[in-house]
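Below is one structure; the comments refer to it alone.
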Number of protein chains: 2
Amino acid sequence: MSDVPEPALEAVPIDVVLAALADPVRLRFVRALDAAGDWVCGSDALRETGVTIGKSTLSYHVKALREAGLIRTRVQGTRRLVTLRYEELGQRFPGLLDLIRDR
Amino acid sequence: MSDVPEPALEAVPIDVVLAALADPVRLRFVRALDAAGDWVCGSDALRETGVTIGKSTLSYHVKALREAGLIRTRVQGTRRLVTLRYEELGQRFPGLLDLIRDR
DNA sequence: CGTACCGTTCGATCTGCATCGAACATTCTC
DNA sequence: GAGAATGTTCGATGCAGATCGAACGGTACG
């Protein structure tokens, strides 16, 4: 179980969220997570995006997204599963996820 | 009306908008424009933010915001008046302006 | 136990962006 | 027409962020 520590969304300013979403790799990654809609292995989600980056870079981006309050990370064996924080995001930043969905 | 050319909002991807808003100076500037709620001189809006940057830097940011479809620029004498593109933004990116309003 | 797998951390590097100052353009005013 | 005010453009610079590879740390599984 043991989740990776994450910030309370109330403590996250919109500035940080916008900065997190401004990176093209992270934006595509978040969209992939949204398409998955549930807990998913980060490497798998990355593969969906078609973007190829090193694993250290992915780790860097996942950390950025977690600290921006966008995703949650759970340890499962040798893997890390991630998911969007749908409920909390909907409360704190209503409409945010709708904005980044395909249009 | 709007003398300075601006993109059609349909042609602007959300990526560009997010990148435009990710800069702290531009975000504060947009908030100042939103507080004004109407055509306003960019230099005056900047003064409201309390941020002090050179005029060339302001020009650079205004251009970025315009090309991101967020603001409209009108020439009035020796000045440039700017305003948020409220109606179009509300249609193309509903909830976007609400997100960046104080919370 | 040893090995393969998945991920993090760290240092180095490189690129893009924000910033500035100087020069130029435009318009208003006297 | 001269000068002041506002703003744009351009070249140079500095810095933060994205990227990589190497080394390390757990965990599953033979």
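Note on naming: letters A, B, ... go to the chains in the order of the sequence lines (proteins, then strands), and numbering restarts at 1 for each one.
The CD-C1' distance, from Glu67(B) to dC17(C), rounds to 14 Å in whole Å. In this structure, the NZ atom of Lys63(B) is 11 Å from the C1' atom of dC10(D), given to the nearest Å. Rounded to whole Å, atom P of dA4(D) lies 17 Å from atom CZ of Arg79(B). In this structure, the CZ atom of Arg74(B) is 17 Å from the C1' atom of dT6(D), given to the nearest Å. Following rounding to the nearest Å, Leu81(B) (CG) and dT27(C) (C1') show an atom-to-atom distance of 14 Å.
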### Chi angles and distances behind the side-chain contact (heavy atoms from CB on, under 4.5 Å) call for Leu70(B), Leu21(B)
CA-CA 9 Å; Leu70(B) 287 165; Leu21(B) 292 175; 3.7 Å; yes
### Task
Under the side-chain contact (heavy atoms from CB on, under 4.5 Å) rule, what do Phe29(A) and Val62(A) come out as? Steps first, then yes or no, please.
CA-CA 9 Å; Phe29(A) 187 76; Val62(A) 168; 4.1 Å; yes
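For the segment residues 45-55 of chain B, residues with any heavy atom less than 4.0 angstrom from an atom of DNA chain C are, sorted by number, Ile53(B), Gly54(B). Of the residues in residues 15-27 of chain B, Asp23(B), Val25(B), Arg26(B) come within less than 4.0 Å of DNA chain C through at least one heavy atom, sorted by number.
Using a 4.5 Å heavy-atom threshold, the side chains of Leu33(B) and Leu65(B) count as separate.
In terms of phosphate contacts, Ser43(B) brings a side-chain nitrogen or oxygen within less than 4.0 Å of OP1 or OP2 of dG7(D). The side chain of Arg80(B) places no N or O atom within less than 4.0 Å of a non-bridging phosphate oxygen (OP1 or OP2) of dG7(D). Listed pair His61(B) / dC17(C) fails the phosphate criterion, with no side-chain N or O lying under 4.0 Å from OP1 or OP2.
Screening Val17(A), Val12(A), Val16(A) for a side-chain contact (heavy atoms from CB on, under 4.5 Å) with Ile14(A), the sole residue that qualifies is Val17(A). For the side-chain contact (heavy atoms from CB on, under 4.5 Å) criterion with Thr73(A), the lone passing option out of Thr83(A), Val4(A), Asp3(A) is Val4(A). If you run salt bridge (Lys or Arg N to Asp or Glu O under 4.0 Å) between Glu6(A) and each of Arg66(A), Arg72(A), Lys63(A), only Arg72(A) comes through. None of Val51(B), Val25(B), Ile53(B) except one satisfies the side-chain contact (heavy atoms from CB on, under 4.5 Å) rule with Leu58(B); the exception is Ile53(B).
Arg101(B) has a carboxylate O that lies under 4.0 Å from a charged side-chain N of Asp34(B), or vice versa, which qualifies the two as a salt bridge.
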Distances for protein N or O near nucleotides 28-30 of chain C N or O, under 3.5 Å:
none

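In this structure, the side chain of Arg31(A) engages the main chain of Ile100(A) through a donor-acceptor pair within 3.5 Å. For the pair Arg26(A) (side chain) and Ala64(A) (backbone), a donor-acceptor distance under 3.5 Å is absent. Counting only distance, with no hydrogens or angles, the side chain of Arg92(B) and the backbone of Glu10(B) share a donor-acceptor pair below 3.5 Å.
Side-chain proximity of Tyr60(A) to dT19(D), dT19(C), dT6(D): nearest is dT19(D). Which of dT8(C), dT9(D), dC20(C) sits closest to the side chain of Arg66(A) comes down to dT8(C). Listed nucleotides dT8(D), dG7(D), dA22(D) differ in distance to Ser59(B); the shortest reach to its side chain belongs to dT8(D).
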